[in-house]
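Structure, as structure tokens:
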Amino acid sequence: MEKQPRLFSSEFFHKNRQVELVLSRGVLAWRELDKGGKRGSDIKSAPETAHGHSVQVCEIVAVHKTEGDGKDQGSNRSRKKANKHVLLLPYAFTAFFVRRTQQHQWRCSEITFHCASHSLREQWIQALSEQLSSLTNRPKSLLVYINPYGGKRRGKRIYEQKVAPLFRHAGISADVIVTEYANHARDHLKTEANLDKYDGVVCVGGDGMFSEVLHGLVARTQSDHGVDQNQPDAQLVPCSLHIGIIPAGSTDCICFATIGTNDPVTSALHIIVGDSQPMDVCSVHHSDIFLRYSVSLLGYGFYGDVLTDSERKRWLGPARYDLSGVKTFLSHNYYEGSVSFLPAEDTIGNPRDKLRCRSGCHVCQHKPSSKDSEWDMSEEKEKFNEGGSGGWSVIRGKFIAINAACMSCACPRSPKGLSPSAHLADGTADLILVRKCSRLGFFRHLLRHTNKGDQFDHAFVEVHRVRGFRFQPRHQEPVSLEDLSEAPKKTRFGTMCSAQTTCGYGAAHSSWNCDGEILPHAAIQVSVQSRLIRLFARGIEEPQRFTFEDPSSPWALEPGTQQPAA
């Protein structure tokens, strides 16, 4: 790694100890000096290297002048000594920066440096402020939507107590709208919001609130560019504004799968530092009618039945999902139909390769060859409809579940997710087909969502990485004499089933669960829209590993550093 030149180097005091403070291009570092001006023991405040402590400038939240009040000058026993230093070192500034804690959580930490020179302090504040101002990805103005009813109705309190103070600290202005009815945020974004004023849109709530913002922002973008969302083969225009998620819902699956935790402070800090994570979005159509967008779970059969049943038990709160899940499992419905899909053959990964999507993912950064990247869904559809394969594969059968995911769908209950190796921005979705099997076999498949086992390692489960797919339920297909000759199967759990479907073979059809919403049609066409949106996130970070030799360390650099005037 090439050595970075120092921009500034000065001696300050921190907690009555003399330190050398160094600013290089993109890094602020400090180390303790002994009384002779030599290197001393380390300071336990920030990421540690072999030469001291440092923080990336891009992860500095803010820099502010600080009154020399001695608050950081040590314990009460050294207060007198601290007050003496305040008189001698009346000028100080504080750097607020990101500190990583356990389980991918971030916190805002701070460190204060004291000196005797007003001009020295001003030069350092100016130098750091200029570097922060050069980070053009950071938002300065945000539009915030708060769902006051989601989850445990904590959204408004979470924002006011944990998020708003951090935004103010970082100099971010926010226009806040507390939603008053379902789809309030979606409708406001589609028609009323003046998006030119903002650098991003933030939703405070659960996955449902995120879906509202997603649909409103994507619809507004397509409308502004004259794109008809009802055309299944339309190339959608990516959204220019980033979306931030402050988790305050029941599951917060999307937040968990993109930063690794459902912590509001962590999410707020990702927004402040301007992180950017592109995401694929599935567009769902019935014939030439646009239905919805999906970024997490698109499920037919088991997950559709669970959602349908749980909607009748909303008065139970989040517990309704557990009850409906048990009831649906015991019912053990399966459904007939055909799945047509276009395999993603130009990707460098597959759904069972155990390559997890992480920050800086090389699979998502892989650029297909020009020939592969020019594939056209409409041309492939014409070939398929004309009787040719056109690269499409067709599978007919009886399915307990048909699931599609363009992200892992990880959550605290299922840390690996529905498809552990799915990627956020590779332009594909993982299509999971669970064929008719025994109740015990299906239970084993579900159980592996919560442990380290391979959930696809069953004879009745297959998974494909696809660019798009279509599903046609059996009741809308021509019925053969062979189909009519098979008698409906009876089940001892028939009395537990909902009135909408009949248990076992012969059930009319299930419903599609699209990110927690029920679709009105069973026959659908799905296309993966590559990198349609961007989140204020960076993907899940791998655990930090510090090395003992850091060639980029400010301490290893040549002399000649500028010394600010005292």
Side-chain angles (χ1 to χ4, degrees), residues 3-15 17-33 42-49 51-69 71-72 89-100 106-141 165-173 199 268-275 550 552-557 559-566:
K3 296 179 179 180
Q4 296 292 328
R6 299 182 182 184
L7 300 178
F8 287 101
S9 177
S10 304
E11 293 182 5
F12 282 84
F13 279 85
H14 168 69
K15 292 186 177 180
R17 298 177 181 177
Q18 190 175 11
V19 298
E20 180 184 7
L21 186 62
V22 174
L23 176 64
S24 62
R25 187 73 63 185
V27 178
L28 178 68
W30 59 94
R31 62 177 178 179
E32 184 180 344
L33 301 175
D42 290 337
I43 305 169
K44 306 298 182 183
S45 299
E48 182 176 355
T49 69
H51 306 284
H53 294 264
S54 65
V55 60
Q56 299 289 323
V57 171
C58 64
E59 292 186 356
I60 294 178
V61 174
V63 177
H64 295 306
K65 296 179 183 179
T66 308
E67 295 296 331
D69 55 8
K71 287 184 179 180
D72 73 327
L89 307 167
Y91 303 103
F93 72 90
T94 300
F96 301 86
F97 59 91
V98 170
R99 175 173 56 87
R100 289 164 176 78
W106 286 8
R107 289 294 177 264
C108 186
S109 193
E110 63 183 76
I111 185 168
T112 300
F113 299 101
H114 295 260
C115 67
S117 168
H118 175 270
S119 62
L120 179 62
R121 179 185 68 175
E122 295 303 311
Q123 283 184 301
W124 271 90
I125 291 177
Q126 181 180 353
L128 286 168
S129 298
E130 287 176 355
Q131 285 216 28
L132 292 179
S133 298
S134 68
L135 302 173
T136 56
N137 57 318
R138 292 195 171 196
K140 297 179 175 60
S141 179
L166 287 173
F167 284 174
R168 288 193 294 268
H169 210 54
I172 297 175
S173 64
D199 303 309
L269 291 172
H270 278 283
I271 294 170
I272 289 170
V273 302
D275 278 339
D550 183 2
S552 67
S553 170
W555 318 119
L557 307 180
T561 306
Q562 180 179 354
Q563 298 287 339

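- Formation of a donor-acceptor pair under 3.5 Å by the Arg138 side chain with backbone atoms of Cys58 is found in this model.
- Closest heavy-atom contact between Ala127 and Phe8: CB-CE1, 3.2 Å.
- In terms of the ring pair (Phe, Tyr, Trp, His ring centres under 6.0 Å) criterion, residue partners of His118 (sequence neighbours excluded) are, by chain and number, Tyr91.
- Taking Gln131 as the reference, nothing meets the side chain to side chain donor-acceptor pair (under 3.5 Å) condition, with sequence neighbours excluded.
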Could you please spell out the steps behind the side-chain contact (heavy atoms from CB on, under 4.5 Å) verdict for Leu135 and Val273?
-> CA-CA 9 Å; Leu135 302 173; Val273 302; over 6 Å; no
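- Taking both residues in full, the closest heavy atoms of His114 and Leu89 are given as ND1-O, 3.8 Å, listed atom of the first, atom of the second, then distance.
- The side-chain contact (heavy atoms from CB on, under 4.5 Å) search around Cys108 returns Val61, Phe96, Leu166, Leu269, not counting sequence neighbours.
- For the atom pair Leu23 CG and Leu128 CG, the distance stands at 5.5 Å (nearest 0.5 Å).
- Listed by chain and number, the residues in a ring pair (Phe, Tyr, Trp, His ring centres under 6.0 Å) with Phe12 are Phe93, Trp124 (sequence neighbours excluded).
- Taking both residues in full, the closest heavy atoms of Gly274 and Asn137 are given as O-ND2, 2.9 Å, listed atom of the first, atom of the second, then distance.
- Checking side-chain atoms of His64 against main-chain N and O of His169 turns up a donor-acceptor pair under 3.5 Å.
- Closest non-hydrogen pair, Val27 versus Val57, comes out as N-CG2, 3.6 Å.
- The side chain to side chain donor-acceptor pair (under 3.5 Å) test applied to Thr94 returns Thr66, Thr112, not counting sequence neighbours.
- Remark: Arg107 pairs with Arg99, Thr101, Gln105, Asp263, Val265, Thr266 by the side-chain contact (heavy atoms from CB on, under 4.5 Å) rule, at least two apart or across chains.
- Here Glu32 does not pair with Lys15 in a salt bridge; the nearest charged N to carboxylate O distance is not below 4.0 Å.
- Taken to the nearest 0.5 Å, the CZ atom of Phe167 stands 4.0 Å off from the CD1 atom of Ile271.
- The salt bridge (Lys or Arg N to Asp or Glu O under 4.0 Å) analysis of residues 114-133, with sequence neighbours excluded, yields the pairs Lys65-Glu122.
- To the nearest 0.5 angstrom, Asp199 atom CG is 10.5 Å from Thr136 atom OG1.
- In this structure, CZ in Phe113 is found 12.0 Å from CG in Leu120, a value given to the nearest 0.5 Å.
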